[in-house]
Q: 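Right, I'll just put the structure down here and ask away after.
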Amino acid sequence: MFDKLRCRELLKKYLEGTINYSEHIELFKMSTDVNIEELLAEMIDADYNADQLGDVELPSTASDEILKKILASEKNTDSLFINTKRKRLIRQLSVAAIFLIIVIGAAIFYFKPVKERSHGAFEAFIPKNSLKKINKTSRPFVVVLEDGSRVKLSSNSSLSFPLHFVTGRREVYLTGEAFFMVTKNPNAPFFVYYNNIVTRVLGTSFSIKTNSSTRKVEVSVTSGKVQVIENKFFLSGDPSRDEVKSVIVIPNQKAMYNEKSHYFETTLADSINPLPNYPGLAGNSKITADIDSFYFPKATNLKQVLSQLETVYGIEIIVDNENIYNCVFTGDISKQDMWKKLNILCLTIGATYEVKGTKILVSGNGCR
């Protein structure tokens, strides 16, 4: 059932510039009602007689163009209406034009791909009392928050945040790209809002950006652990909705979020770094080489070398042929990054590797 009073309320909010995203969509949906023209005419007459709308000034280009098109459809307008009636007609058409602008604007806003409509809607989502830092330079700069957390803000990016965090919760709002170094505080989780996703952490370092080629949002973790969640309030305007997706991301992994399909994919990060303090290394008698140097002066079983890579980088490496473990390696690969280490190992034994989600698969004939 069409709610006339609600429509009037939303129209008033639109004219005052106080309408929000969900109300804008609600007004758009009302415009599809079959009785909208008759009801709108009643509303126009009521507002005209009560003089509630006053002298409405439409944006010159939009209103003039719409009025021209509307008036052009009326043949012999001058002979049909005397001046006073024409004035009233134009006034009514002006209000109708406002509503038409609302409908067209909401339709464009509503049916645009998420990427195109997310930025403006996200700006409206940020609390009004937030501080805002914008990086208009060509280099990143660091923003230090109240709790000591540091945010390396990339060029053409912005960060909105409160002067003082509320008790038990730390929330910031990012557009663009940034690297976060969050101060640990188990009693106050840290939330980064970035359009369609929310990244929740306790204390860690990670980056957030939109991949320029895939257009997917990427959250890459350097240390600690983060949970990446769909921003259910921003996506639907309803914080109670249940169908919310999330993933857990650990060091050297990244979560990629497809805004169109609302799908998370977890894979290895572009840059792989040794884990802080090499957790799990203590007591591992299988690792005989210097953990920091990756120097193997004697022939070392490849299973041991791969095990060391897993421990240092926190990445599971699997083989499709157990004979690969029979191969041996001698050499110094300590100065190479993880990917180059793996390339050298595979070239040495005639194998290949590929990334399978958050794992690495090594394939080859192996050794006997």
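As the structure is a computational prediction, the values presented were derived from the model and not from experiment.
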Q: Under a 4.5 Å cut-off applied to non-hydrogen side-chain atoms, are Phe161 and Leu159 in contact?
A: yes
Q: So does Lys356 pair up with Glu354, basic N to acidic O under 4.0 Å?
A: yes
Q: Which residue pairs satisfy the salt bridge (Lys or Arg N to Asp or Glu O under 4.0 Å) criterion with at least one member in residues 332-344, sequence neighbours excluded?
A: none
Q: Hey, could you give me the CZ/CG distance between Arg368 and Asn323, rounded to the nearest 0.5 Å?
A: 5.0 Å
Q: Could you tell me the separation between the CG atom of Asn343 and the OG1 atom of Thr348, rounded to the nearest 0.5 Å?
A: 10.5 Å
Q: Any heavy-atom pair between the side chains of Glu218 and Ile208 that's under 4.5 Å?
A: no
Q: Using a 4.5 Å cut-off on heavy atoms from C-beta on, say whether the side chain of Val219 contacts that of Lys254.
A: no
Q: With a 4.5 Å heavy-atom cut-off, do Asn156 and Asn135 have their side chains touching?
A: no
Q: Kindly write out the residues that satisfy side chain to side chain contact (heavy atoms under 4.5 Å, CB included) with Asp320, not counting sequence neighbours, or none if the list is empty.
A: Ile324, Leu361, Ser363
Q: Please find the pair of heavy atoms, one from Ala255 and one from Val249, that lie closest to each other, and give the distance.
A: CB-CG2, 3.5 Å
Q: Not counting sequence neighbours, list each pair that qualifies as a ring-ring contact (aromatic ring centres under 6.0 Å, His included) and has a residue in residues 196-227.
A: Phe180-Phe206
Q: Measuring from atom CG of Leu131 to atom NE2 of His164, what distance do you get when rounded to the nearest 0.5 angstrom?
A: 9.0 Å
Q: Say you draw a straight line from SG of Cys327 to CG of Asn365; how long is it, rounded to the nearest 0.5 Å?
A: 9.5 Å
Q: Can you list the steps and then say if Ser158 with Thr175 is a side chain to side chain donor-acceptor pair (under 3.5 Å)?
A: CA-CA 5 Å; Ser158 67; Thr175 59; 2.4 Å; yes
Q: Students often mix this up, so state it plainly: with edges at 30° and 60°, are the rings of Phe165 and Phe190 parallel, tilted or perpendicular?
A: perpendicular
Q: Students often mix this up, so state it plainly: with edges at 30° and 60°, are the rings of Tyr353 and Trp339 parallel, tilted or perpendicular?
A: parallel
Q: Going from CZ on Phe191 to CD on Glu171, what distance comes out if it is rounded to the nearest 0.5 angstrom?
A: 6.5 Å
Q: Please check: side-chain N/O of Arg150 versus main-chain N/O of Val144, any donor-acceptor pairing under 3.5 Å?
A: no
